[in-house]
Amino acid sequence: MREEKIVPRIGYACLTVGVEGTQFKTLTLKNATPEKITAIISHNLDALEAIIDYNGKNGIRLFRITSDLIPLSTLPQNTVPWATLFQERFAAIGTKIKKTNQRVSMHPGQYTVLNSPDENVVGKAIEDLEYHATILELLGCDQTSKIILHVGGAYGDKIQAMERFKTNYLRLSDKIKKHLVIENDDRVYTIEEVLTLGEALNIPVVYDNLHDAVNPSPNREEPISYWVDRAEATWKKADGRQKTHYSQQDPTKHLGAHSATIDLDVFMQYVKNLGRTDLDFMLEVKDKNISALKCHNAFRADQKMIHLENEWARYKYLVLAKSPKNYQLIRTLLNDKRSYPVELFYRLVDEALNTPSDFGHEVNALEHIWGYFKTCATETERRRFEKLLEEFKNTGTSLPSLKNHLYKLATVHHENYLLQAYYFNEIR
DNA sequence: TGACGTCAAGATCCG
DNA sequence: CGGATCTTGACGTCA
């Protein structure tokens, strides 16, 4: 029997880009009523289920669930007994997660601080961790589903602050401890310090590459693989495979800011340098599932042209609107159905997307898409398209209105091929 | 007191 | 009304 190729799982955090029905809703305190809270939870569970469905369909096996699933989750103003009220919805979604073999996690933000000297802050942090653990329990997740936490503040005395983390960790319920893992952050706790804590407390450690680049331990010479391997040793069998965070610096933003998309060449070189593929990568990137699919396709076990063709279906009009040259190059590239030119494919796609907008190319793409409706559109639909197109040609504005119009046409006329296009991401 | 990070809600203005 | 463009919220730490 042939041995199964070990491939990394690659996931994304909280939200999708360009997937219908996956938008979460929030609520401000001053508008909070039990009715509104209940309605939003119900809506958000539908959105979560839509994301889980999307992941299942697209081979994504790693996903972080948003902490905003329940609005105002730990505030006294939220009096809705949501855990019992939505028990069955959670269980149903949990069943889907298990059936599609997804590993889900959660990640309280920088404001959940377990090592604060302020007991009030610690109390709220524990409550927040209980909330996160409750979500995972309701979904029926096992110990391989993790809650990723930062160590917290330094308060002028890091050694003492780390001791306080240990003391407060021991106060946590088993329900939390079962899922809790710790991660290096980009301002205070380096990977070396987090490993010290993790090794002392027997807590798995998540290595975050960008945090490490921004906040490295002083005078170190070890390669990244050293820290990743040392973190690997903190993962027990029951915790599942080692999980890491991966992101790239946005060159236009401040140090530590996540990039718009993942540069696949850079990511592949990173993995190559690690010398391992038996680990999970949670991507932290603006374009979310789009980059996750890109990286997943690069490492997936079944490297078949069909996966690139599916991607091409989503990207093609966006590419056409930017670079007809790359559009043609990609079409040719995908001709050989036995090949799998994944790196070149995404290089050409991303190169096109990074090309400055060209008016003529935008019009070309618009007319190309209009071709779907030429024969089936009503007279009103045709007039509106022509009016907006004229306006765009004359003034350069109303491109979003045009896209909106075309997207609505695609909905009305059931052009499912168009509905999935990344071309419509900004207006969906 | 504002920056930090995050994303949707809410406000406001335009045509 | 659709659409564009701010501003606010909810959290804790640190300069």
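Sequence lines set the chain letters: A, B, ... in the order given, protein chains first and strands last, and positions in each chain run from 1.
Under a cut-off of 6.0 angstrom, the local environment of NZ in K175(A) is crowded, with over 12 non-hydrogen atoms contributed by other residues, nucleotides or ligands. The number of heavy atoms from other shown groups lying within 6.0 Å of CD (E119(A)) is above 12.
Of the side-chain N and O atoms in K124(A), one or more sit less than 4.0 angstrom from OP1 or OP2 of dG12(C). Contact between the side-chain N/O atoms of H258(A) and the OP1/OP2 oxygens of dG5(B) is not found at any separation under 4.0 Å. Between K288(A) and dC7(B) there is a side-chain polar atom (N or O) within less than 4.0 angstrom of OP1 or OP2.
Considering only side-chain atoms of L29(A), the nucleotide from dC7(B), dT13(C), dA10(C) that sits closest is dA10(C). Of the listed nucleotides (dA8(B), dG5(B), dT13(C)), dT13(C) has the atom at the smallest distance from the side chain of V121(A). When each of dC14(C), dC7(B), dA10(C) is scored by its nearest atom to the side-chain atoms of R187(A), the top-ranked nucleotide is dC14(C).
Among the heavy atoms of the strands lying under 4.0 Å from S116(A) are primed sugar atoms or P, OP1, OP2 only; no base atom is included. Backbone-only contact: S401(A) has heavy atoms under 4.0 Å from sugar-phosphate atoms and none from a base. Within 4.0 Å of A154(A), counting heavy atoms only, lie sugar-phosphate atoms of the nucleic acid but no base atom. Looking at heavy-atom distances under 4.0 Å, N31(A) makes contact with sugar-phosphate atoms alone, never a base. Residue-level contact check: G153(A) touches the backbone only, with heavy atoms under 4.0 Å from sugar-phosphate atoms and none from bases. Heavy atoms of L27(A) sit nowhere under 4.0 angstrom from any nucleic acid atom.
Atoms NZ (K253(A)) and C1' (dC4(B)) sit 14 Å apart, rounded to a whole Å. Whole-Å rounding puts the D185(A) CG to dG5(B) C1' distance at 13 Å. The nearest whole Å value for the distance from the NE2 atom in H150(A) to the P atom in dT6(B) is 10 Å. Atoms CG (D250(A)) and P (dC4(B)) sit 14 Å apart, rounded to a whole Å. In this structure, N404(A) atom CG and dC1(C) atom C1' are separated by 12 Å, rounded to whole Å. In this structure, the CG atom of D68(A) is 9 Å from the C1' atom of dA10(C), given to the nearest Å. As rounded to whole Å, 12 Å separates atom P of dC7(B) from atom NE2 of H107(A). One atom, OH of Y155(A), and another, P of dA15(C), lie 12 Å apart when rounded to the nearest Å.
Position along DNA chain C of the nearest nucleotide to K408(A) versus L72(A) favours K408(A) as the more 5'-ward residue. The residue among K30(A) and Y111(A) whose nearest nucleotide of DNA chain B is located toward the 5' end is Y111(A).
Judged by distance alone, the side chain of D250(A) and the main-chain N or O of A257(A) form no donor-acceptor pair under 3.5 Å. Using modelled atom types, no side-chain atom of S73(A) and backbone atom of L69(A) make a donor-acceptor pair closer than 3.5 Å.
Minimum interatomic distance between G152(A) and Y189(A) (heavy atoms only, all atoms of both residues): O-CE1, 3.2 Å.
For the residue pair N273(A) and Q269(A), a side-chain donor N or O sits within less than 3.5 Å of a side-chain acceptor on the partner.
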